[in-house]
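From a predicted model like this one, the values you see are computed outputs, not experimental measurements.
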Amino acid sequence: MPHKIIIFFISTLIAIQGNAQLRPFLDSLKNDLNTVTDDSLRFRVLDELAWTYKRVDADSALMYAAMEIEVAKKLANEQFMAFGYSNIGVIKKENELDDYGIKDLHKSLAINKRLGNQRGIASNSNNIGNSYELIGKYDSAIKYFTRSIQIKLEIGQEASAASTMSNLGLVYHQMNNPEKAIEYYDEALSIVGEESRRARGIFNNLGISYMKLEEYEKARKYLRKAISGMEILSNKRNFASTYGNIGETFYNEGNYDSALFYAEKAFTIKKEFGENLSLTYPAISLAKIYIKLSQFDKAKENAELAFRIASNSSSMERKAESTFRLGVVEANMKNFERAATLFYDYSLIQDSINNENVIRLAEETEAKFQNELKEKENQILKEEAIIREQKIQTQNLLIIGAIIIVLLLVIIALLLREQLTERKNLLTKIKSQSEKLKELDQAKTRFFANISHDLRSPLTLILGSLDKITERDYEILDQESKELLDMGIKNGKRLLYLADEIMDLTRLEEGKVSLELQYVKIVPYLRLLTKMFSSAADIKSIELKFSTHAEDETTLKIDPHQFEKIIYNLLSNAIKFTPDNGVVDVQLNTDQDHLNISISDSGPGIPPESLELIFDRYYQSSDANTSQAGVGIGLALVKELVELHGGSIKASSGPNGSVFTIRFPFKKSDWISKAIVPERSLDVVTRNSLWMDLQDEKQRLQVPGIKTAKENAKTVLIVEDHRELRSYLQSILSADFRVYLAVNGSSALDMLQAEKIDLIITDLMMPYMDGFELVDHLKKDKELKKIPVVVVSARTDKKEKLDLIAKGAEDVISKPFDKEELTLKIQNILSRDWDSNKVFSKLYGETAEEFEKNIMQRLEKLIIKRIDDPHLSVLDLADEMAASERKVYRLIKKISGLTPYELIKEVRWQYLENYLSNNKVRTATEAAQIIGMNNVSSFASQYEKRFGHSFKEVIGE
C-alpha cells in the first residue's frame, strides 16, 4: 500500500510541475494578445493559445480558436480561416466533443480545396478520417485516409503517409478484415524502415492482425520484433502484454507448454506492480492453460486470484470474465454446485453491465443537452441587445426542446428496460430448454438401453432357431436358401453385437460398471492382442507392426476384459480403414508418470471437422461411406472405458492416416512379480465381426459382370457395394433385363467401356468412387451422358435429389424401395428415347454447351460494364443471374475452373491488356483506376506476378 501512495504522489508532482512550467508561457501569450495591435500577429498569438490549451482546457482552446477565425475574417485571409476551422475540429476530436469536429474540419477542407492547398487537404483528410474512426463510421474513415495517403505520396510526405497507412490498417482491423490491415501495415513499414521508432508499433499491430488470421507463427515473429524495440526498464508493462499475446498464439495452436511459459512470464512481470486489475489478464490466461493441461488445482489457484482482484475493483467486465472462468474451473473439477452459483453470478454481473450502459447513455445524453443549453445561453448573452424582442420566443423553443429531449430520454430508457426484461426472460427460457435437452438426452439413453435389452431375447431365439436349421437341414437346402440362411445368421450376430455395445455404453454412463483390476504385464499382453488381428491384416495384405521401448516386466493395473475391448475397437477400425498393402503400427512407450499406447494407420484420415466429435455417442462423419460407416458406438465406448481406468485418449489425423493415443497413469513401483499375462477374452473373440466384414469387402471388390435374361433384352448395370442388396436387385430384375453388376463407380466405368448399357442403377455412398462422382464422369463423356441413370440410396435429402437431377440423373429413389415401382420406372424410362442434350434443348431451346457459353458471356459483359468498380463481387454476379451466391460460385467453378473472384480478376487483366495494346494507357495510376484498383503499388506487384514482367517495361519507363 505505501508504494502505491508514493507512485500517486510522484505522478501528482509531475503534473503540478508540468502545469507550473506551462503557466508562465500561457501568461506571456495572453500579455502579448493584450499588447499586439497588428491583426496578423494577433492571429498567430491566438493560434498558439488555442493549440496550447488543446489538451489543458478544451473550453479555453475553443474560445481562442473562435477568436482566431474572427480575426481571419477581418483580414479576409482564407488561409487563416482554414487554420482556425482545422484547430476547432482537432480540439473537438481530441476532447470527444459534439460531432468530434467533423463539420469544422470539412469547412477547413472546403477552403483548402478552393485554394488548391494540397498539404492542407492531406492534413484535413487525415483528421476527418480519425474523427470518423472514433464514431465508428469506417467506410467514411477509409475514404478520407485513402485520399490523404494519395496526396501525401504525391507531394513527397512519405513518413506522414506511412502514419496514415497505419491508421487505415487499424480501421480495417476493427472491421474484422485483418488481411487488408496487414497490407497497409506492410506498406507503412516499407516506408519508415524496420529500424525506426515508428516500426515498433507497426510490428505490434502486425502481430495482433496475424493472430486474428490464426497465422500464429507470423504473429509471434512480429510480436518478438516489437519486444526487441522496447527498453525493459521503462516498458515492463508493454513486455507483459506482448508476452501475453505470444502465449495466446501458442494456446490457440494447442501448444500449451509454450503458452504456459509466456503466460507465466507475463504474470511475473505484472506481479511486480502488485495485485492490481492488470494482473487478472495473465492470471485468467494461466487458468485456461492449466485447464487444458488437466492441472485443475493450479487452474483454480489462478482463477481464484483473478476473481479476488476483480471482486475488489470497479471493473464490471473483469468481474464478469473472472467469475465465468472460475465457474469453468469448478465445473471441470466437478464442483457443479459452486460452478452453477458462479455462472448465475456471472449472468447478474452481465445484467449490471447492461444497466450501467443504460445509465451512462442517459447521462451522456443529459450532458450533451446541458452543453447545448449552455451554448445557447452564451449566444443569447452575446446577442441580447439585438434579439431582446425574440427572447421570450427563443426561451419557449428551448423549453420545448428540453421537454422533447427529456421525453426521448424517458422513451429510450423504457425501451432499454424492456430489452433487459426480454433478455432475462430469454436467459430463463434457455436455462429451461437446457434442462429439457438434458432430460431428452437421458431419455434417449434409456430408450437405447431398453431397446438393446429387449432385442437380446428375440435375437437369441432367432439365432438359436437358425442354428438348429443349419445343424439339421443345411445339407438338404438349395444353394439360394443356404445363402439366405447364412445372410440371416451373419446379420443377426451383427445386430446382437451392436445391442451389446449399446448396453455396455449405457451401463458405463450410468456408473454401473466396476473394474476388476489386476496387475498385468502389459508388453506381452498387448503383443498378444495385436497378433489376434494378424489374419484380418493378411486379408488386405496390411503390414501389422508392434514395437516398444519398455521392458517386458512393465506392469499396469487394468481390467483385462475391458482393456481388450479398447484395443479391439481401435485395431479393428485401423484395419478396416486402411487400404490394401497399407500399414498399421502399434507402439507402447513409458515416461515418468504415464504409459502411452498409440495405434496409427495409413488410411485416408479423419476430416478436421469430425476430429473433435468422433468420441461422441452415435456420431458419424459426413464423409463416411456405407461400406465402412458404423453407428458411432465403438469409439464412445473406448473413451468411457479409458477414462474409467483414469486415462485419456486423443486422436490426430492427416492425409497420411490417423493416430489414436491412449495415456494411462503409470508408476514403476507397481512392478510386481505376481503380474499376469491374461488369456484373450472369449467374449470379445466370439462377438468379433471384423473378419467377415473384410471377407465381404473382398467379395464386393471381385464381383464380375453378370448377364441374365434373353440376349435381345435391354441391359441394366447395377452399381452397388453391398453384396446382399446387389444380389437382391439382380434377382428382381434378371427376369426382364440383362443385368450387369459393379461394386463401385470405378468398376462401373470399366464395364461401360466393354459393354453396351441401356440404363444404370447406382447407389451413392460407395468406396473408391461414389455415385456422385460416377454421375459427374458420365456427364463429361459425350456418349455415356446419353445413358439414363436411376439413383437408389438411403441418403438423399431434397437438396441432394435436386443436385443429382441437375447433373443428369433421370430419377432418385429412396431406400427401402418397392420392387414393382422400381421395375415399372425402369420400363418407362427404357421405353422412350432418352438424351440429356435433347431434354435440355426442349427446355431451353439450346444444348447444355450453348447454355453454359451464354452464361459466361453474360457474366463477362457484367464484369466489363463495372470494370472500374473495386467493390464488384460474387454477390453482384448472383444478383445478375437471379440465383444464390453459392449456386453461382459452383456454376462458374464448373464452367471455367475459376472462382468468381479469379474470374473477375482475369477479365480485368484481359481488358487492361486490350487497352495497352492500343496505347491508351500512359501511367500505372491510370491503369490501376481502369480496372478498379486504388492501390498503385499493389497493382504493380500483382501485374508483375500475373504477366511475368513489370508494368514499367510495358509502358517504356
Side-chain angles (χ1 to χ4, degrees), residues 250 252-258 292-294 522-523 525-534 536-537 540-550 554 556 558 563-616 619-625 628-630 632-643 645-666 690 694 767:
F250 282 115
N252 291 334
E253 284 181 329
N255 187 347
Y256 303 122
D257 292 334
S258 297
K292 291 295 184 180
L293 295 172
S294 298
I522 193 63
V523 176
Y525 184 44
L526 185 57
R527 185 184 291 116
L528 178 66
L529 293 179
T530 304
K531 286 182 179 178
M532 183 174 71
F533 288 84
S534 298
K540 299 177 70 175
S541 300
I542 291 173
E543 182 183 359
L544 180 61
K545 300 192 295 186
F546 174 82
S547 60
T548 179
H549 295 294
T554 301
L556 187 66
I558 57 172
F563 180 82
E564 187 171 348
K565 291 181 183 178
I566 296 169
I567 301 302
Y568 166 78
N569 273 289
L570 294 178
L571 267 177
S572 61
N573 279 348
I575 292 176
K576 186 185 295 184
F577 285 95
T578 299
D580 290 359
N581 303 308
V583 178
V584 174
D585 190 9
V586 182
Q587 295 186 11
L588 184 151
N589 292 294
T590 60
D591 54 33
Q592 188 173 359
D593 300 314
H594 291 88
L595 182 141
N596 304 315
I597 299 171
S598 66
I599 298 175
S600 61
D601 62 63
S602 58
I606 302 168
E609 65 273 13
S610 300
L611 201 57
E612 295 183 359
L613 304 172
I614 57 173
F615 295 109
D616 292 351
Y619 175 76
Q620 286 180 276
S621 168
S622 58
D623 288 357
N625 59 56
Q628 294 177 319
I633 296 174
L635 289 177
L637 181 63
V638 166
K639 183 174 184 291
E640 293 289 341
L641 289 173
V642 169
E643 291 179 350
H645 280 83
S648 63
I649 183 170
K650 67 176 183 179
S652 59
S653 187
N656 298 321
S658 305
V659 181
F660 286 81
T661 303
I662 313 170
R663 286 168 63 86
F664 289 107
F666 166 75
L690 174 64
L694 295 177

Compare every heavy atom of [Y] with every heavy atom of [X], then report the nearest pair and how far apart it is.
{"X": "Lys565", "Y": "Leu641", "value": "CB-CD1, 3.9 Å"}
{"X": "Leu588", "Y": "Ala550", "value": "CD2-CB, 3.7 Å"}
{"X": "Arg663", "Y": "His594", "value": "NH2-ND1, 3.0 Å"}
{"X": "Ile614", "Y": "Ala651", "value": "CD1-CB, 3.7 Å"}
{"X": "Ser658", "Y": "Ser653", "value": "OG-OG, 3.1 Å"}
{"X": "Asp585", "Y": "Ser547", "value": "OD1-OG, 4.1 Å"}

*Given Val642 and Phe615, is the side-chain contact (heavy atoms from CB on, under 4.5 Å) satisfied, shown in steps?*
CA-CA 12 Å; Val642 169; Phe615 295 109; over 6 Å; no
*Donor-acceptor pair, side chain of Lys540 and main chain of Thr578, under 3.5 angstrom*: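 Present.
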Is there a side-chain contact between [X] and [Y] (heavy atoms, below 4.5 Å)?
{"X": "Leu570", "Y": "Ile662", "value": "yes"}
{"X": "Gln587", "Y": "Val659", "value": "no"}
{"X": "Asp591", "Y": "Asn589", "value": "no"}
{"X": "Leu571", "Y": "Leu544", "value": "yes"}
{"X": "Ile606", "Y": "Phe660", "value": "yes"}
{"X": "Phe666", "Y": "Ile522", "value": "no"}

*If you look only at pairs with a residue in residues 598-608, which of them pass as a side-chain hydrogen bond (donor to acceptor under 3.5 Å, both in side chains), with sequence neighbours excluded?*
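Every pair satisfying side-chain hydrogen bond (donor to acceptor under 3.5 Å, both in side chains) with a residue in residues 598-608: there are none.
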Quick one: pull up [atom1] in [X] and [atom2] in [Y] and give me the separation to the nearest 0.5 Å.
{"X": "Phe533", "Y": "Ile567", "atom1": "CZ", "atom2": "CD1", "result": "8.5 Å"}
{"X": "Ile542", "Y": "Lys576", "atom1": "CD1", "atom2": "NZ", "result": "12.0 Å"}
{"X": "Phe563", "Y": "Ile558", "atom1": "CZ", "atom2": "CD1", "result": "4.5 Å"}

*Check against side-chain contact (heavy atoms from CB on, under 4.5 Å), Glu564 and Leu528*: CA-CA 10 Å; Glu564 187 171 348; Leu528 178 66; over 6 Å; no
*asked:* In terms of relative ring orientation, are His645 and Phe664 parallel, tilted or perpendicular, with 30° and 60° separating the classes?
replied: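 Ring orientation, 0 to 90° scale: perpendicular.
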*Which is it for Leu635 and Asn569 under the side-chain contact (heavy atoms from CB on, under 4.5 Å) test, yes or no, and what are the steps along the way?*
CA-CA 7 Å; Leu635 289 177; Asn569 273 289; 5.7 Å; no
*Please report the C-alpha distance between Leu293 and Asp257 in whole Å, then the side-chain angles of each, then the deciding distance to 0.1 Å, and finally whether the side-chain contact (heavy atoms from CB on, under 4.5 Å) criterion is met.*
CA-CA 8 Å; Leu293 295 172; Asp257 292 334; 4.0 Å; yes
